[in-house]
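Working notes, structure below.
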Amino acid sequence: MSYRLGPGSPPGVWVCSTDMLLSVPPNPGISWDGFRGARVIAFPGTTAYARNHGVYLTDSQGFVLDIYYQGTEADIQQCARPDGRVPLVSGVAFFSVETAEHLLATHVSPPLDACTYMGLDSGARPVQLSLFFDILLCMARNVSREDFLVGWPLEVGQGDADVAGYLQGARAKLWRELRDQPLTMAYVPDGSYNYLTSSASEFLHSLTFPEAPGAQVVHSQVEEPQLLGAGSSVVSCLLQGSVRLDPGSVLQHCHLQGPIHIGAGCFVSGLDMAQSKALHGLELHDLVLQGHHVRLHGTPVRAFTLVGRMDSWERRGTGTYLNMSWSEFFQKTGIRNWDLWDPDTPPVERCLLSARLFPVLHPSRALGPRDMLWMLDPQEEGGEALWAWRASWRLSWEQLQPCLDRAATLASRRDLFFRQALHKARHVLEAQQDLSLRPLIWAAVREGCPGPLLATLDQVAAGTGDPGVAARALACVADVLGCWAEGRGGLRSGPAANPEWIRPFSYLECGDLARGVEALAQERDKWLSRPALLVRAARHYEGAGQILVRQAVMSAQHFVSTEPVELPAPGEWVVAECPARVDFSGGWSDTPPLAYELGGAVVGLAVRVDGRRPIGARARRILEPDLWLAVGPRQDEMAMKIVCRSLDDLQDYCQPHAPGALLKAAFICAGIVSVHSKLPLSEQLMSTFGGGFELHTWSELPHGSGLGTSSILAGTALAALQRAAGRMMDTEALIHAVLHLEQVLTTGGGWQDQVGGLMPGIKVGRSRAQLPLKVEVEEITVPEGFVQILNDHLLLVYTGKTRLARNLLQDVLRSWYARLPAVVQNAYSLVRHAEQCVEAFRQGSLPLLGQCLTLYWEQKKLMAPGSEPLAVRRMMDVLAPHVHGQSLAGAGGGGFLYLLTKEARQKEAVEAVLAKTEGLGNYSVHLVEVDTQGLSLHLLGSETST
């Protein structure tokens with residue numbers, strides 16, 4: 001109603017009955033031009049279906065001429081449209097303001113007041129009117145006043161003469177008020193309409209898709225889905241073991257333990273584990289078996305009903321039970337007429353509705369499905385079941401209906417929903433499926449039962465041997481806590497080093513997962529009382545997850561090895577220099593845990609900026625047993641200098657914002673210093689190297705450039721240090737060593753930056769979905785002369801905006817661990833399109849590479865929403881006509897924008913375009929060229945110390 005039929009209608013009143021299922025296409029094509037009066041919505045149906053329903057007869061303009069209910073063949077044929085189908089009365093009508101006011105005017109005056117609460121409360125005798133055959137029919141053009149006043153709505157049934165008089169007065173009043181209002185019909189040819197009857201067959205039909213190739217499984221956990229027949233349906237169930245369901249059957253709200261076989265044409269609902277034993281060894285066919293929560297004089301009991309799919313609930317006719325005639329049923333079971341109906345009940349009233357078939361109380365035991373199922377094979381029970389059935393207090397369906405306890409039914413359904421959901425959550429995590437648990441987490445929090453979900457996640461995290469599974473489980477706990485805070489309590493991303501959490505973290509650091517998870521849960525219980533605490537606890541759970549990610553990434557150390565070489569003399573500088581990197585496709589797929597859970601592929605270029613290699617480090621041995629660190633530009637005057645004389649001075653190596661943290665981490669990862677050793681720093685240095693070291697790093701790029709500076713800087717620092725310590729490391733080992741260093745430093749991060757900057761030229765890096773994490777690099781062969789063409793068409797624009805990567809990374813990892821469908825899909829397409837980008841380079845096609853860049857930027861924005869500042873969007877818009885494609889470097893949010901221009905050598909042209917654009921801030925345009933050297937390492941003579 002709200003999203004399909006309602007939009008576009010003028011002010012007025014929609015009336016919609018709820019006794020049907022409607023299927024409405026997204027745009028039903030209803031025109032409201034020139035509309036006044038009332039309008040009915042009709043859906044197509046067959047002439048056969050129309051014999052038991054209402055149909056509209058209309059003229060060519062869509063005005064309703066007549067409405068037929070259970071009309072003759074001739075009436076129905078009159079209504080047929082060119083395709084042979086007829087417009088069915090659907091239970092949806094619209095009244096304009098004017099018509100609604102006319103209708104409203106009738107409700108206070110007799111006899112129509114008797115249709116309302118006002119009349120009833122005034123003591124009037126109630127009158128039943130039909131929306132379609134009283135209110136709307138009087139507006140139909142072919143209906144005369146005489147016919148209208150004497151007619152009797154078939155759907156109301158026959159009544160006595162008093163009612164007839166009342167009804168005539170009511171209709172006369174309606175005729176006076178509404179006759180002048182036009183009634184039109186809107187027909188929805190692509191829609192469908194199904195009236196809900198008491199027929200079990202029709203009910204089953206509405207819940208199944210006979211043509212579907214497989215079963216429909218909704219909100220259910222099924223251990224053996226291959227046993228579900230095509231066209232069957234399972235809703236909100238937990239099916240354990242071998243549960244076979246034949247085509248066309250439906251299971252709802254059941255927790256069943258196999259072996260169970262439910263044949264075709266069955267509807268089974270409301271059975272739990274204890275009752276599922278009653279189905280072992282049976283095969284049901286064409287039966288409806290339901291468990292009910294019943295309240296008898298305030299006492300809750302469980303009752304079970306069993307009927308046949310073909311049984312009729314009508315009062316008229318011969319009647320059947322369990323798909324057989326009553327006489328056959330009596331003969332088969334030994335049940336007699338007087339068991340079901342009082343002797344004075346007239347034979348015509350002896351029907352299924354009034355038969356006292358269903359036991360609700362037994363004098364000595366609880367009832368179960370067997371108290372009904374024995375009727376299918378009475379011989380097997382040897383008469384005991386009939387005796388027990390007769391000994392029970394039994395009710396008919398009519399008597400049972402008012403005793404049904406809907407609150408208890410809904411509570412048990414909710415309980416089962418979460419039971420199956422917890423099984424599903426466990427399976428999704430342990431089988432490492434890309435399904436999101438976020439909807440379940442929200443449901444658990446909103447329904448007030450996050451406790452069992454947290455317990456399940458704890459069990460999965462503690463019981464798995466896989467650090468990836470455990471990390472995801474802990475991330476889900478963080479999600480539960482975050483959702484529980486309901487948007488209050490501060491930012492989700494932030495620090496996670498509160499002293500209270502040190503004990504659980506230390507267990508995880510030592511690899512004791514079970515005790516770590518237990519200690520985390522104990523600490524968590526103290527942080528549940530208010531939103532601010534919940535959010536802080538969520539951050540610490542994400543911190544715990546990062547410890548496990550760190551351990552997984554540390555597996556890259558397998559591929560780090562060094563060769564001994566001659567130790568340089570004290571004072572002799574080792575200088576390492578590197579280009580920056582530009583990512584062309586696939587970024588984010590290299591970020592742990594995506595790099596080893598999904599597998600990554602990134603296309604990157606090593607580049608010089610304005611002809612320079614902007615990143616470097618130099619190291620040398622010194623005679624003093626200290627570590628001298630300097631961070632800053634190449635010219636030493638500006639450098640920040642730090643001297644470490646003891647191990648205490650190195651303790652902040654894992655706090656990324658601490659002065660010189662990256663350099664300190666480099667000494668630890670290079671194996672020059674051990675912070676956990678009992679030996680003091682000076683002794684460690686003297687015994688191995690006969691003195692200390694000096695390390696100086698620099699970058700000529702602005703902070704947050706997006707060109708991979710910090711990872712490449714880590715690579716140059718490690719390379720220079722290892723060489724100064726008399727060891728050589730090849731580039732592949734260095735790539736893995738940087739991964740390790742960034743985990744020690746706790747900044748996290750992927751492998752694309754060091755691959756892009758340490759390896760020369762144009763290449764693609766790949767990692768498989770496995771541990772240990774190994775990065776393999778393939779150089780991309782491009783057509784001769786293409787590198788020069790690329791240099792002429794590639795430009796960098798510094799946007800003047802600084803990007804802050806840390807929170808961005810936390811947000812992306814949170815979305816990945818939640819397996820949000822859009823993020824999962826995007827991650828897969830990042831990897832897929834990286835391979836397409838490789839192909840574009842091999843072909844040497846600038847337009848294709850431009851398309852890669854444009855698509856890549858859209859993918860980055862999907863991965864990290866908010867990574868496109870407004871000024872950058874403005875810049876990209878004005879440059880769009882001049883470029884094949886463009887993207888912000890790295891994760892986005894600021895830093896450098898790189899362009900692939902349509903014309904060669906466009907630096908001045910781009911500057912001119914940007915100069916004309918207002919509100920861009922402090923930008924600058926830079927030349928960029930592919931660097932074919934990568935990391936360079938050379939020895940210099942000694943200089944005075946810095």
Side-chain angles (χ1 to χ4, degrees), residues 1-10 12-33 35 37-96 99 130-137 139-143 153-155 182-199 201-212:
M1 285 303 306
S2 301
Y3 299 103
R4 300 280 167 97
L5 294 174
S9 71
V13 179
W14 280 97
V15 181
C16 183
S17 64
T18 55
D19 54 1
M20 75 291 189
L21 294 171
L22 293 185
S23 170
V24 186
N27 185 6
I30 299 171
S31 166
W32 296 95
D33 295 344
F35 166 77
R39 173 163 285 176
V40 288
I41 309 293
F43 290 83
T46 62
T47 50
Y49 192 79
R51 284 185 207 121
N52 292 312
H53 294 276
V55 287
Y56 294 116
L57 176 65
T58 61
D59 65 12
S60 55
Q61 272 91 47
F63 287 100
V64 175
L65 303 177
D66 210 337
I67 309 174
Y68 300 122
Y69 180 68
Q70 294 183 343
T72 64
E73 196 66 40
D75 289 341
I76 293 169
Q77 281 304 332
Q78 251 189 302
C79 304
R81 301 182 78 81
D83 63 1
R85 298 185 299 172
V86 293
L88 297 172
V89 173
S90 72
V92 183
F94 177 75
F95 294 94
S96 68
T99 309
S130 159
L131 170 66
F132 291 94
F133 296 97
D134 290 314
I135 294 172
L136 292 171
L137 188 64
M139 300 185 225
R141 292 190 166 184
N142 283 5
V143 176
L154 279 165
E155 60 175 28
L183 176 64
T184 51
M185 178 188 82
Y187 181 65
V188 183
D190 297 334
S192 71
Y193 163 87
N194 274 298
Y195 182 68
L196 295 177
T197 68
S198 59
S199 155
S201 297
E202 288 185 26
F203 182 64
L204 278 175
H205 184 74
S206 72
L207 288 173
T208 54
F209 295 87
E211 300 81 33

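Predicted model, so just to flag it, every value in this text is computed and none were measured.
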Give every donor-acceptor pair under 3.5 Å between a side-chain atom in residues 50-65 and any protein atom, sequence neighbours left out.
from : atom 1 : to  : atom 2 : distance (Å)
R51  : NE     : E73 : OE1    : 3.1
D59  : OD1    : Q61 : N      : 3.0
D59  : OD1    : G62 : N      : 3.1
D59  : OD1    : F63 : N      : 2.9

Mind listing the side-chain donor-acceptor pairs of residues 12-31 below 3.5 Å, one per line with the distance, residues two or more places apart or on another chain?
from : atom 1 : to  : atom 2 : distance (Å)
W14  : NE1    : S9  : OG     : 3.4
S17  : OG     : D19 : OD1    : 3.1
S17  : OG     : G91 : O      : 3.4
N27  : OD1    : G29 : N      : 3.4
S31  : OG     : D33 : N      : 3.4

Just distance, no hydrogens or angles: give the donor-acceptor pairs under 3.5 Å from side chains in residues 77-89, sequence neighbours left out.
from : atom 1 : to   : atom 2 : distance (Å)
Q78  : OE1    : Y68  : OH     : 3.4
D83  : OD1    : R85  : N      : 3.0
D83  : OD2    : R85  : NE     : 3.0
D83  : OD2    : R85  : NH2    : 3.3
R85  : NH2    : P189 : O      : 3.2

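Scored by the side chain to side chain donor-acceptor pair (under 3.5 Å) test, S96 finds T99 as partners (sequence neighbours excluded). Applying the ring pair (Phe, Tyr, Trp, His ring centres under 6.0 Å) criterion to F203, with sequence neighbours excluded, gives F267. Every residue meeting the side chain to side chain donor-acceptor pair (under 3.5 Å) condition with S201, not counting sequence neighbours, appears here in chain and number order: R309. Scored by the side chain to side chain donor-acceptor pair (under 3.5 Å) test, S2 finds no partners at all (sequence neighbours excluded). Partners of D75 under the side chain to side chain donor-acceptor pair (under 3.5 Å) rule, at least two apart in sequence or in another chain, are T72.
The nearest pair of heavy atoms linking L131 to F95 is CD1-CZ, 4.0 Å. Residues G71 and I76 share a closest heavy-atom pair of O-CD1, 3.6 Å.
When side chains are defined from C-beta on, Y69 does not count as touching L137, because their heavy atoms never get closer than 4.5 Å. Considering only heavy atoms from C-beta on, N194 stays 4.5 Å or farther from F43 through its side chain.
For the salt bridge (Lys or Arg N to Asp or Glu O under 4.0 Å) condition, no pair includes a residue of residues 182-194, sequence neighbours left out.
Applying side chain to side chain contact (heavy atoms under 4.5 Å, CB included) to V40 and the options L183, T184, I67 leaves one that passes, L183.
For F35 and F94, the ring centers are positioned less than 6.0 Å apart.
Within a 6.0 Å sphere centred on OH of Y49, other residues, nucleotides and ligands contribute more than 12 heavy atoms.
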Trace of the side chain to side chain contact (heavy atoms under 4.5 Å, CB included) decision for R39 with W32: CA-CA 10 Å; R39 173 163 285 176; W32 296 95; 3.6 Å; yes
